[in-house]
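Below is one structure; the comments refer to it alone.
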2 protein chains.
Amino acid sequence: MKMSTKGRYGVRAMVHLAVHYGQGPLPVRKIAEKMDVSAKYLDHLMTALRMAGLIRSIRKAHGGYILARSPKEIRLSEVVKVLEGSVAPVDCVDDAGACHQADFCTARDLWQRMQKAMNNVLESTTLDEMAQGQKMKWNNLI
Amino acid sequence: MKMSTKGRYGVRAMVHLAVHYGQGPLPVRKIAEKMDVSAKYLDHLMTALRMAGLIRSIRKAHGGYILARSPKEIRLSEVVKVLEGSVAPVDCVDDAGACHQADFCTARDLWQRMQKAMNNVLESTTLDEMAQGQKMKWNNLI
DNA sequence: AATTATTCCTATAGTTTTGGTAGAAAGCAG
DNA sequence: CTGCTTTCTACCAAAACTATAGGAATAATT
C-alpha cells in the first residue's frame with residue numbers, strides 16, 4: 001500500500017510551487033535541489049502535471065513552472081490522481097468487471113470504504129493549506 | 001496506491017475461513033479453488049498468516065487451516081498488517097528517519113492523515129462482520 | 001545573431017517487486 | 001503404510017519502478 005515516488009515527489013513539488021506562488025516561475029532544477037532528488041526524474045513528473053493542466057511552463061532562460069490556478073483552488077486529490085491514478089486499493093472498486101466475483105464480495109466493500117476514507121482526506125485539503133503549514137514549520141525554525 | 005495480491009488474496013481467504021468457522025479445517029486447495037487463484041501461491045500467504053498467529057494449521061489428510069481466534073476477535077487491520085505491512089502511504093510516516101526533511105514537511109502530515117483514515121476503517125471492521133456480510137450476499141442469490 | 005537557461009521529447013537501463021512455479025520433506029489419521 | 005495435507009527452500013519471468021542520457025525547441029537578453 002505504498003505510494004510511489006511519483007506521488008511523493010509530485011506532491012512535494014506542488015507544495016513548493018504553492019509556497020512561491022506569485023513570485024514568478026520556479027525551474028525544476030531548483031525544486032529538485034530543495035527536495036534533494038534527481039532533477040531529470042522530476043522533469044517527467046512535471047510534464048505529467050503540466051499535461052493535466054495543474055501547472056504551466058515558461059520555456060526559456062529564467063523560466064520554469066508556475067501553478068495554473070490559485071493554490072486555494074487546487075485540491076490534493078487532483079494532484080495525487082494525476083500522478084498515482086485512482087487511490088482505489090484494488091481495481092474492482094473502480095471497475096467491477098476487474099473481478100468476476102466483485103458483485104458478491106464483501107472484501108470489495110472494505111476496499112471501497114478505504115478508498116472513501118482516503119479520498120475524503122485528499123478532497124478536503126488544498127495546496128494553499130499545505131503551503132501555509134509549510135511556511136509555519138519553517139518560521140518555527142528561527 | 002494499489003494493494004498487492006498478498007493483501008487482496010489474504011483478506012478474501014480469511015473471510016472464507018471466517019464463513020466456515022467452527023466447521024473444521026479448510027485446505028488451501030479448496031480455498032484457492034473458490035477464489036480462483038493459484039493454490040501454490042496462496043500457500044505462501046497462509047504461511048505468513050500462520051506465523052503471525054492469525055490461523056492454525058492441521059497437517060494431515062483432511063487437514064487444512066482454521067482461524068486461531070473467533071472471527072469477532074480478528075480485526076481487518078491485523079490481517080492487512082501481516083500481508084502488506086503498515087498501510088502508511090510513505091515510509092516517513094512510521095519512521096521519521098526515512099527522510100531527513102521529515103520534521104519540516106507538511107506532505108508528511110498529509111500522509112499521516114491518510115494513514116489514520118485507512119486504519120480507522122480497518123480497525124473498526126472484524127472478520128465476523130465480513131463473514132456475515134458475505135453470507136447475506138450469497139443468500140440473496142436464491 | 002549569438003548566448004543562455006530552461007523546458008520538452010525520446011530512448012535506454014539498472015534494480016526491485018510481484019506473482020508465481022517446482023519439488024520434495026514432514027506430519028499424521030485411518 | 002498409504003494418502004492427503006502442510007511446510008520448506010529455491011528458483012524464475014515479467015512487470016513496475018526509478019531513474020539516466022542526450023539532444024532539440026523556445027524565447028528573453030545581450
Side-chain angles (χ1 to χ4, degrees), chain A residues 1-13 16-17 20 24-68 82-86 89-91 98-99, chain B residues 1-13 16-17 20 24-33 35-68 83-86 89-91 98-99:
Chain A
M1 277 298 286
K2 287 287 177 289
M3 187 165 282
S4 74
T5 52
K6 283 184 204 164
R8 298 214 302 274
Y9 293 1
V11 165
R12 286 171 62 202
H16 270 274
L17 289 179
H20 293 92
L26 216 48
V28 170
R29 180 181 47 78
K30 282 214 173 180
I31 302 174
E33 216 166 75
K34 277 270 189 189
M35 288 174 54
D36 195 26
V37 303
S38 150
K40 272 293 193 184
Y41 184 53
L42 195 53
D43 247 16
H44 296 328
L45 312 187
M46 300 309 275
T47 296
L49 290 165
R50 176 180 55 82
M51 296 206 294
L54 291 180
I55 60 179
R56 277 171 39 203
S57 64
I58 290 132
R59 194 191 204 185
K60 59 165 186 177
H62 304 294
Y65 287 98
I66 57 174
L67 293 183
V82 169
L83 298 163
E84 294 282 329
S86 164
V90 175
D91 283 331
C99 172
Chain B
M1 276 299 285
K2 286 288 176 290
M3 187 164 284
S4 73
T5 51
K6 284 184 204 166
R8 298 214 301 273
Y9 293 2
V11 165
R12 285 172 63 202
H16 270 275
L17 290 179
H20 293 91
L26 217 47
V28 170
R29 180 180 48 74
K30 282 214 171 181
I31 303 174
E33 217 166 75
M35 289 174 52
D36 196 27
V37 303
S38 150
K40 272 293 193 183
Y41 183 53
L42 195 54
D43 250 14
H44 295 330
L45 312 186
M46 300 309 275
T47 297
L49 290 165
R50 177 180 54 83
M51 297 207 293
L54 292 180
I55 60 180
R56 278 169 39 202
S57 63
I58 290 130
R59 193 190 203 186
K60 60 166 187 178
H62 305 293
Y65 287 99
I66 56 174
L67 293 183
L83 298 164
E84 293 283 328
S86 165
V90 175
D91 283 332
C99 172

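Every chain is numbered from 1, with letters handed out A, B, ... down the list of sequences.
- Atom NZ of A/Lys30 and atom P of C/dT7 are 12 Å apart (whole Å).
- Nearest to the side chain of A/Asp43, among D/dT7, C/dT4, C/dC9, sits C/dC9.
- The side chain of A/Lys40 sits closest to D/dG22 out of D/dG22, D/dA19, D/dT5.
- Side chain B/His44 to base C/dT18: no donor-acceptor pair is found below 3.5 Å.
- Comparing C/dC8, D/dT18, C/dG20 against the side chain of B/Tyr41 picks out C/dG20 as the nearest.
- OP1 or OP2 of C/dT21 lies within a sub-4.0 Å distance of a side-chain N or O belonging to B/Ser38.
- Nearest nucleotide to the side chain of A/Thr5, out of C/dG19, D/dT18, D/dA28: D/dT18.
- Nearest to the side-chain atoms of B/Arg50 among the listed nucleotides D/dT7, D/dT5, D/dT18 stands D/dT7.
- No side-chain heavy atom of B/Pro25 sits under 4.5 Å from any side-chain heavy atom of B/Tyr65.
- Within the 4.0 Å cut-off from OP1 or OP2 of C/dT7, not a single side-chain nitrogen or oxygen of A/Ser57 is found.
- One finds no side-chain N or O of B/Tyr9 lying less than 4.0 angstrom from the OP1 or OP2 phosphate oxygen of C/dT18.
- Looking at the side chain of B/Thr47, the nearest of the listed nucleotides C/dT18, D/dC8, D/dT6 is D/dC8.
- For B/Arg29 and D/dT5, the shortest distance from a side-chain N or O to OP1 or OP2 is below 4.0 Å.
- In this structure, the nucleotide among C/dT7, C/dT4, D/dT5 sitting nearest to the side chain of A/Pro27 is C/dT7.
- Residues A/Met3 and A/Val11 are not in side-chain contact: their nearest non-hydrogen atoms beyond the backbone lie 4.5 Å or more apart.
- The shortest non-hydrogen separation linking A/Leu83 to A/Ala48 is CD2-CB, 4.4 Å.
- When side chains are defined from C-beta on, B/Met1 counts as touching A/Met1, because their heavy atoms get closer than 4.5 Å.
- Atom NZ in B/Lys60 sits about 11 Å away from atom C1' in C/dG27, given to the nearest Å.
- Mapped onto DNA chain D by nearest heavy atom, A/Leu42 and A/Ala61 fall at different nucleotides, with A/Leu42 at the one closer to the 5' end.
- Interface remark: the B/Arg59 side chain does form a donor-acceptor pair with the D/dT6 base, using a distance-only criterion of under 3.5 Å.
- Atom CE of A/Met51 and atom P of C/dT7 are 16 Å apart (whole Å).
- A perpendicular orientation is assigned to the rings of B/His44 and B/Tyr41, their planes being inclined by more than 60° (bins at 30° and 60°).
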